[in-house]
Student: 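Got a structure here, written out as structure tokens. Questions coming.
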Amino acid sequence: MPKFQLAPPQRILLGPGPSEVPRRVLNAGSLPAVGYLDPSFIELMKVVQEQLREMFLTENRYTLTITGAGTAAMECAIDNLCEPGDTVVCCVHGFFGDRMRQMYERAKVDLHLVTAPWGEPIDPENLKKTLDSLDKVDLVSVVHGETSTGVVQDVKTLAEVVKPSGALLLVDTVASMGGVEFRTDEWGVDVVYTGSQKCLSAPPGLSPITFSDRAVEKIKNRKTPPKSWYLDLMLNWKYWDDNPGYHHTGSIQTMYALHEALNLLQEEGLENRWARTKETAELLYQKLENLGFKMLVAPEHRLPTLTTAILPEGVDEAPMRKKLLTQYNIEVAGGLGDLAGKAWRVGLMGHSCRKESVHELHRVLSELLKGVTV
Ligand SMILES: Cc1ncc(COP(=O)(O)O)c(C=O)c1O
């Protein structure tokens, strides 16, 4: 008899990810192991690559997954695109934009920041001023869905601002791809990455990423190889190119699961998924406002997949969140930065984005808040 009995609780996951994994995806992940160069696995990788192009809305040849969490894809993008001395403009309007800033500092680039207060998007005018003040810019980056605040960035408009500078545009869609409208090629975005565990509702561990021809050209013309061997795009590409060879051991069962998650996305349709997420988010705003919560973000900038809601006066944030989790099996996340102890972050990602879960959250909170709020 093992000392530890593996019995994870069945939670309603309404946090910033991971989201709930549907039964079909879990079942796919339990199929038999094969070798990382088994012909059946190589065939699957090709199918997944096509599915990812459909998800990113891109024709990019260099579309693949990085074996690792979303941060690995972020690091892959930055490590491959940047060489010391490059000029980079990093937009920071929350925790994950700041994580990118930290990576640029390690990459020893000439770094320029465009910031916005937490809870607001980057102002395209501010980005334009910064770009106009620089002789040349190699790369601009921004987070599409800031999970720390619940703000969605209008990337289409930012891309128009970036275009005349000739810089490459890198966008983080870890919390938004598959849940919120994003059109890689139409908007002119060069590099986009996401994670398997949020709006796609596959297990964590694979991070889809896509590179435009322009971005690949820049990488091929590097004077020095990227710092990371594991995240080197050209080395990873050998595993995804025709006649694949060993680079690292692929995440076999997670790839099965990701494939099935992408099947579900295709069956529902991208645009239907975006619409379902928006509609469910509207219900969430209404239900939380009924209970006395206040939305942090202005309606036009709200990220449907993640809502930051300020708690009603008199509620003890952390104990209430703990009660929700341990007594009612509902996970939500606490606020970050200045909002710690004052706000919750409620996610509606992929399979977790269901109206019945919003109704359940509302029912439980109505009960818990009785007599607590003033
Ligand atoms: C917007 C955004 N970027 C990057 C990440 C990092 O992803 P991971 O935690 O999978 O490394 C997250 C994770 O929450 C995120 O929300």
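In listed order, ligands and their atoms are each counted from 1.
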Student: Pick one: which of W237, W229, W240 meets ring-ring contact (aromatic ring centres under 6.0 Å, His included) with H247?
Tutor: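 The option that passes is W229.
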Student: Taking the six-membered ring for Trp, is the centroid-to-centroid distance between F182 and W274 below 6.0 Å?
Tutor: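 Not under 6.0 Å, so no.
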Student: Quick check on side-chain contact (heavy atoms from CB on, under 4.5 Å): which of T277, V180, V151, L348 does L303 satisfy it with?
Tutor: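 Running side-chain contact (heavy atoms from CB on, under 4.5 Å) over T277, V180, V151, L348 with L303 returns exactly one hit, V180.
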Student: What residue and atom, counting heavy atoms only, is the protein's closest point to atom 6 (C) of ligand 1, and at what distance?
Tutor: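 Here the nearest protein heavy atom works out to T71 OG1, 3.4 Å.
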Student: Under 6.0 Å between ring centres, would you say that holds for W118 and F95?
Tutor: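 No - the distance between ring centres of W118 and F95 does not fall below the 6.0 Å cut-off.
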Student: Counting non-hydrogen protein atoms only, what is the nearest one to atom 5 (C) of ligand 1? Give residue, atom name and distance.
Tutor: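 Ranking protein heavy atoms by distance from atom 5 (C) of ligand 1, first comes F96 CE2, 3.4 Å.
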Student: Looking only at protein heavy atoms, which one is nearest to atom 3 (N) of ligand 1, and how far off is it?
Tutor: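 Result: D172 OD2, 2.7 Å.
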Student: Is the shortest distance from a heavy atom of E146 to ligand 1 less than 4.0 Å?
Tutor: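 Per 4.0 Å heavy-atom rule, E146 does not contact ligand 1.
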Student: State whether the shortest distance between N or O atoms of M74 and N or O atoms of ligand 1 falls below 3.5 angstrom.
Tutor: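 By distance alone, the answer is no.
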Student: Looking at G70, which atoms of ligand 1 are within less than 4.0 Å of one of its heavy atoms?
Tutor: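 By the 4.0 Å cutoff, the relevant atoms are 7 (O), 8 (P), 10 (O), 11 (O).
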Student: With a 4.0 Å cut-off on heavy atoms, does G17 reach ligand 1?
Tutor: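 Heavy atoms of G17 never come under 4.0 Å of ligand 1.
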Student: Which heavy atom of the protein is the closest neighbour of atom 16 (O) of ligand 1, given with residue, atom name and distance?
Tutor: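 In this structure, atom 16 (O) of ligand 1 has T147 OG1, 2.3 Å as its nearest protein heavy atom.
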Student: Should E331 and R11 count as an ion pair when the cut-off is N to O under 4.0 Å?
Tutor: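 Judged by the 4.0 Å cut-off on N to carboxylate O distance, E331 and R11 do not form a salt bridge.
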Student: Which residue and non-hydrogen atom of the protein lie closest to atom 13 (C) of ligand 1, and at what distance in Å?
Tutor: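 Going atom by atom, the protein heavy atom closest to atom 13 (C) of ligand 1 ends up being K198 NZ, 3.0 Å.
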